[in-house]
Amino acid sequence: MSNLAPTTEVPAGFTADPQQQAAREEREEQKKSILKQILTAEALERLGRVKLVRKEKAEALEGKLVQMAVQGELRSQLTEAQLINLLETQSQQAQPKVTIRRRQFLDDDDDDDNDDDLM
């Protein structure tokens, strides 16, 4: 039999320190609890579907929502329509604006184009 040494490699999402793992789980539970309080059932379901498709985008929005709740910026539960509006706003801010400028050459004047000299 071969001697198999235990690997020190830790799978993604886990830490070698159980205290760090417990703290991470506690923060995640607090976030879920806050989201359940500030979102309607439909909005929470929508956020879950977005998280399946675009995890980073959903997590960024979750962080923003939790921050808004902690700071007291939310007076009532957010509806699905309001959540969609926040998602669209976040998407517009994240998209870079592309501007195309064409170069203009000195002898590119179409006004001075006289085709009489071609004959």
Side-chain angles (χ1 to χ4, degrees):
M1 298 214 135
S2 63
N3 290 338
L4 295 175
T7 59
T8 58
E9 196 171 306
V10 179
F14 294 96
T15 60
D17 186 7
Q19 290 177 345
Q20 288 179 350
Q21 181 68 23
R24 178 180 292 125
E25 289 174 2
E26 178 71 24
R27 284 191 304 269
E28 197 64 32
E29 288 300 318
Q30 287 176 346
K31 182 171 75 169
K32 286 180 184 178
S33 174
I34 291 172
L35 289 173
K36 284 182 183 178
Q37 292 174 8
I38 63 173
L39 296 175
T40 63
E42 296 83 13
L44 193 59
E45 183 180 338
R46 168 75 66 152
L47 186 60
R49 287 192 309 261
V50 170
K51 195 169 188 174
L52 289 174
V53 179
R54 300 196 182 261
K55 188 173 183 173
E56 299 84 22
K57 186 176 187 176
E59 288 177 350
L61 184 60
E62 285 176 352
K64 182 178 179 178
L65 290 171
V66 168
Q67 182 182 16
M68 290 170 68
V70 169
Q71 292 175 350
E73 295 178 22
L74 301 176
R75 302 287 178 222
S76 63
Q77 282 190 322
L78 289 178
T79 63
E80 184 178 11
Q82 291 170 322
L83 182 69
I84 291 170
N85 188 21
L86 282 173
L87 283 166
E88 289 173 350
T89 303
Q90 185 181 11
S91 293
Q92 290 173 354
Q93 291 174 352
Q95 291 178 349
K97 184 177 178 182
V98 176
T99 305
I100 299 174
R101 293 190 308 183
R102 297 178 185 246
R103 291 184 182 176
Q104 294 183 357
F105 296 102
L106 294 175
D107 55 3
D108 192 25
D109 294 332
D110 287 336
D111 297 337
D112 295 339
D113 193 19
N114 188 353
D115 292 335
D116 292 340
D117 58 338
L118 296 176
M119 292 187 189

Quiz prompt | Close side-chain approach of Val50 and Leu61, heavy atoms under 4.5 Å | solution = no
Quiz item: For the side-chain contact (heavy atoms from CB on, under 4.5 Å) test, which of Glu62, Gln90, Lys51 pairs with Lys57?
Solution: Gln90
About how many Å separate [atom2] of [Y] and [atom1] of [X], when rounded to the nearest 0.5 Å?
| X | Y | atom1 | atom2 | result |
| --- | --- | --- | --- | --- |
| Leu47 | Leu52 | CG | CG | 10.0 Å |
| Leu44 | Leu83 | CG | CG | 9.0 Å |
| Leu87 | Arg46 | CG | CZ | 8.0 Å |
| Gln82 | Ile38 | CD | CD1 | 11.0 Å |
| Glu25 | Glu28 | CD | CD | 9.5 Å |
| Ile34 | Gln67 | CD1 | CD | 11.5 Å |

Practice problem: Quick one: closest heavy-atom pair of Glu80 and Thr40, and the distance? | Solution: N-OG1, 3.9 Å
Quiz item: Got a salt bridge between Glu45 and Arg49, using NZ or NE/NH1/NH2 to carboxylate O under 4.0 Å?
Solution: yes
Quiz item: Between Leu35 and Val53, is there a shared hydrophobic cluster once you connect ILVMFWY residues whose side-chain heavy atoms come closer than 4.5 Å?
Solution: no
Quiz item: Can you tell me if Thr89 uses its side chain to pair, donor with acceptor, with the backbone of Asn85 under 3.5 Å?
Solution: yes
